[in-house]
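All chains are named by letter (A, B, ...) in the order of the sequence lines, taking the proteins before the strands, and each is independently numbered beginning at 1.
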Amino acid sequence: MRRVEQVMGFPVSLRIDDESASEQTADPVFAWLREVDARFSPFRADSEVSRLDRGELTPHELSPDLTEVLGLCEEYRVATGGAFDVRLPGRGLDPCAMVKGWSVQRAANLLSGRGTSRFCLNAGGDVVAAGGPWRVGVRHPERADRLCTVLEITDGAVATSARYERGDHILDGRTGRPATGLLSITVVAPSLTAADATATAAFAMGAEGVEWAASREGCEVFAVDAERRVLRTAGLPVAG
Amino acid sequence: MQVEVTFEGDKISSVRMLQQPNHPQTTAAVPKLIQETLQAQSADIDAVSGATITSDGYVTSLQAALDAKG
């Protein structure tokens, strides 16, 4: 079965190949992502994130989920020397970059935990796949109708950060300026939490982010720099 | 620790740390990166990874074509 819904501001496509799958199989995935949007969106005044940002909640009043997300944000801030930062000066708390990968991985875990074994979940360009092989194309950074590589994923995640969809939306927290050192970077990792955070953090770092991402445990990297050169790790699972 | 040293004449102009083995931010040795040329291809695929797409962008995307194919 397949389903596409707009959640958290982007389209989420779910394909389940288990023969026993029905429409109900997909329901918990979309229900969870809508819940995440309500709880963690900085664009909703009543979300937990907005309430924390206004000082209406103290750190020990936070849900375990938000505590976990903010802990991951801090881990990546430290690991990138401040390039990845969800608390930029003059801006509100915005953990969206971490919430996306974390919540979509949790959605995939919901499916696996209920016995679904063959699925491909694509949340606006971030992919979690199980029971493959699945062929995941990486969008060409300059041509929306073309791919620049095709990956073969059995169980794992693929995330891409780039400027071609939403412009200069990723800031280098060290300078507060848009990150422009890369055209796009794609990270393959065992979980989307790691893949998405690593891709976004590396994009924020710019050209030096490629080597940094390649050094992260379990991560394989495909990057296109500002001069259109491709840099990739030897272990990248390129489809034959 | 691996460092990259840039010289101007015989003076060091910059020193950059490439690797810090005992630092928490480095969880594995930096693998050697392979350099390639950028390709534009089309292929039979199940999903497309790309920058977080907008609903407008989705309409004309490869992923939308895959979803419509069913």
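- Across all non-hydrogen atoms, the minimal contact from B/Gly50 to A/Tyr164 is CA-OH, 3.3 Å.
- The minimum heavy-atom distance between B/Leu33 and A/Ala214, with the atom names listed, is CD2-CB, 4.0 Å.
- Between chain B and the options A/Ala199, A/Ala129, A/Ser13, A/Ala234, the largest number of non-hydrogen pairs under 4.5 Å is found for A/Ser13.
- Rounding to the nearest 0.5 Å places CG of B/Leu66 at 9.0 Å from CZ of A/Arg15.
- Using a 4.5 Å cut-off between heavy atoms, A/Val127 contacts chain B through its side chain alone, with no backbone atom that close.
- When all heavy atoms of A/Leu147 and B/Leu62 are compared, the pair lying nearest together is CD2-CD1, 3.6 Å.
- Both the backbone and the side chain of A/Cys148 come within contact range of chain B, each with at least one heavy atom under 4.5 Å from a heavy atom of that chain.
- For A/Ala159, the part sitting under 4.5 Å from any heavy atom of chain B is the backbone (N, CA, C, O) and nothing else.
- In terms of heavy-atom pairs under 4.5 Å with chain B, the best-connected choice from A/Arg139, A/Glu165, A/Glu75, A/Arg229 is A/Glu165.
- Residue B/Ile45 comes nearest to A/Val150 through the heavy atom pair CG2-CG1, 3.8 Å, listed as atom of the first residue, atom of the second, then distance.
- With a 4.5 angstrom heavy-atom cutoff, A/Arg2 touches chain B only via side-chain atoms.
- For chain B, no part of A/Arg3 is nearby; none of its heavy atoms comes within less than 4.5 Å.
- The minimum heavy-atom distance linking A/Asn122 with B/Val48 is given by the pair ND2-O, 2.9 Å.
- By the 6.0 Å contact criterion, CZ on A/Arg34 is enclosed, its count of non-hydrogen atoms from other residues, nucleotides or ligands being greater than 12.
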TODO: Take A/His140 and B/Leu38, measure what side chain to side chain contact (heavy atoms under 4.5 Å, CB included) needs, and give me the verdict at the end.
DONE: CA-CA 9 Å; A/His140 189 287; B/Leu38 183 60; 3.6 Å; yes
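- Side-chain atoms of B/Asp46 come within 3.5 Å of backbone N or O of A/Arg135 as a donor-acceptor pair.
- Of the atoms belonging to A/Ala144, it is backbone heavy atoms, and not side-chain ones, that fall under 4.5 Å from chain B.
- The two atoms that bring A/Arg166 and B/Thr52 nearest to each other are NE-O, 3.0 Å, heavy atoms only.
- For chain B, the option among A/Gly137, A/Ser161, A/Pro141 with the highest count of heavy-atom pairs below 4.5 Å is A/Gly137.
- Within the 4.5 angstrom heavy-atom criterion, atoms from both the backbone and the side chain of A/Val138 approach chain B.
- The residue among B/Gln39, B/Gln63, B/Gln41 with the most heavy atom pairs within less than 4.5 Å of chain A is B/Gln41.
- The shortest side-chain heavy-atom distance between B/Ile34 and A/Thr233 does not fall under the 4.5 Å cut-off.
- Between A/Arg232 atom CZ and B/Glu36 atom CD the span is 4.5 Å, to the nearest 0.5 Å.
- Interface residue A/Val158: backbone and side-chain heavy atoms are both found under 4.5 Å from chain B.
- Neither the backbone nor the side chain of B/Ser61 comes within contact range of chain A, judged by heavy atoms closer than 4.5 Å.
- When A/Glu142, A/His169, A/Arg146 are compared by the number of non-hydrogen pairs under 4.5 Å with chain B, A/Arg146 comes out ahead.
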